[in-house]
Amino acid sequence: MPGGRLTQQERQQIALGLVDSLPYAEIARRLDRPTSTITREVMRNGGPMGYRADLAHRATERRAHRRRPTSSRPAAAVLPQHGRDAEAVADYEETFTTVLMASGLNKMGARVLTCLFTTDAGALTASELAQRLQVSPASISKAISFLEGQSLVRRERDERRRDRYVVDNELFYQATIASARANDQLVATARQGVALLGAHTPAAARLENIARFLDFMSESIVRAAEQAREVLRSGPETAAAPPISAQGQVRVVAPTAPGQSGQAARRS
């Protein structure tokens, strides 16, 4: 794969590929570039609907110009920790942020979450986040409010009574359960439509199928999350792999509590 920054001509080819609704992987193949390079380029410059080659090129030049006087940056941002390559870590954080954005997070929320994930302590104050990301406290506050609402971060008080924002393994479990429960309102609303439109009509049948599908998926997700919870509590050396069927597929089994259905698990 060729190294170096994207050229203006390559950015024009990316823009044309987006107009033609080509997948990122296909655009990357045509340019002989990694798919992650194309994904990062598009997501940091307006997304697939707002990408403009000339604007993206000028923005990259401005960012490169701002990075040159590295002596003005905070020492923590440039000194490697635990023998890590600071530049490689920065590139990884940018890639991680791009992937989180592609999954639906806004840019600042993705940057904050990446910062917390890649911090050994897994917890930072608002002022520490603002310093590391070089943004205003107001931007951090808004991002944290969104992430808390999605059960992606947790707020704690330290010994100095400062709020610290935490990511840990248990949050993955809680976020998964919250995501499954988010379907409940849609299921209930779909079944209201069944009663309203008439149980034997095609529209009602469509809504009932949607409700049954989402209900089944929610229960399956909750059962799988309960089973996989122990993986999050285990160290990397002791984490057990999920059971595999004879056909090579991961089996989803019921929770260990006897007699507990998926619906009951979801209500607990």
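The figures that follow rest on heavy atoms only: side chains count, while hydrogens, waters and symmetry mates do not. Count residues from 1 along the sequence.
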> Which heavy-atom pair separates Thr35 from Ala25 by the least distance, and what is that distance?
Replying inline: OG1-CA, 3.7 Å
>> Taking the side chain as everything from C-beta on, heavy atoms only, tell me whether Gln8 gets closer than 4.5 Å to Arg58.
In response: no
> Quick one: does Thr118's side chain have a donor or acceptor within less than 3.5 Å of a partner on Thr114's backbone?
Replying inline: yes
>> Counting only heavy atoms from other residues, nucleotides and ligands, does the tally under 6.0 Å from CZ of Phe117 exceed 12?
In response: yes
> Does a side-chain heavy-atom distance below 4.5 Å link Leu55 with Asn45?
Replying inline: no
> CD of Gln185: more than 12 outside heavy atoms within 6.0 angstrom?
Replying inline: no
>> Please determine whether residues Phe213 and Ile210 belong to a single hydrophobic cluster, defined as Ile, Leu, Val, Met, Phe, Trp and Tyr linked transitively by side-chain heavy-atom distances below 4.5 Å.
In response: yes
>> Going by the rule side chain to side chain contact (heavy atoms under 4.5 Å, CB included), which residues pair with Ala182 if we only count those two or more places apart in sequence or in a different chain?
In response: none
> Taking the side chain as C-beta and beyond, is there a heavy-atom pair between Leu22 and Arg30 under 4.5 Å?
Replying inline: yes
>> Restricting to non-hydrogen atoms, name the atom on Val194 and the atom on Ala204 that form the minimum distance, rounded to 0.1 Å.
In response: CG2-O, 3.4 Å
> Can you check whether Arg157 reaches Asp163 side chain to side chain, under 4.5 Å on heavy atoms?
Replying inline: yes
> Any side-chain heavy atom of Asn183 sitting closer than 4.5 Å to one from Asp215?
Replying inline: no
>> Testing the basics here: between Ile27 and Leu18, what is the closest heavy-atom pair and its distance to 0.1 Å?
In response: CD1-N, 4.0 Å
> Can you name the one residue among Glu41, Glu10, Glu26 that meets salt bridge (Lys or Arg N to Asp or Glu O under 4.0 Å) with Arg33?
Replying inline: Glu10
>> Looking at Arg162 and Thr125, would you say the former's side chain and the latter's main chain have a donor-acceptor pair under 3.5 Å?
In response: no
> Taking all non-hydrogen atoms of both residues, which atom of Phe146 and which atom of Leu105 are closest, and how far apart?
Replying inline: CE2-CD2, 3.4 Å
> Is the backbone of Leu6 close enough, under 3.5 Å, to the side chain of Arg11 for a donor and an acceptor to pair up by distance?
Replying inline: yes
>> If I compare all heavy atoms of Ala123 with all of Val166, which pair ends up nearest, and what's the gap?
In response: CB-CG2, 3.7 Å
>> Let me check something: do Tyr173 and Leu152 share a hydrophobic cluster, defined by ILVMFWY side-chain heavy atoms less than 4.5 Å apart, either directly or through other members?
In response: yes
> Got a donor-acceptor contact below 3.5 angstrom from the Glu230 side chain to the Gln227 backbone?
Replying inline: no
> Which pair of non-hydrogen atoms, one from Gly198 and one from Thr201, has the smallest distance, and what is that distance?
Replying inline: O-OG1, 2.8 Å
>> Count I, L, V, M, F, W, Y as connected when their side-chain heavy atoms are under 4.5 Å apart, and connections chain through other members. Are Ile38 and Val99 then in the same cluster?
In response: no
> After noting the C-alpha distance and the side-chain angles of Arg191 and Arg212, does the key distance pass the side chain to side chain contact (heavy atoms under 4.5 Å, CB included) rule?
Replying inline: CA-CA 9 Å; Arg191 287 196 164 127; Arg212 291 172 59 196; 3.6 Å; yes
> Would you say the side chains of Arg155 and Tyr165 form a donor-acceptor pair under 3.5 Å?
Replying inline: yes
> For the side chain of Ser218 and the backbone of Ala180, is there at least one donor-acceptor N/O pair under 3.5 Å apart?
Replying inline: yes
> Is Tyr92 reachable from Leu129 through a run of I, L, V, M, F, W or Y residues, each pair having side-chain heavy atoms under 4.5 Å apart?
Replying inline: yes
>> Pairing donors with acceptors under 3.5 angstrom, does anything connect the side chains of Thr98 and Arg44?
In response: no
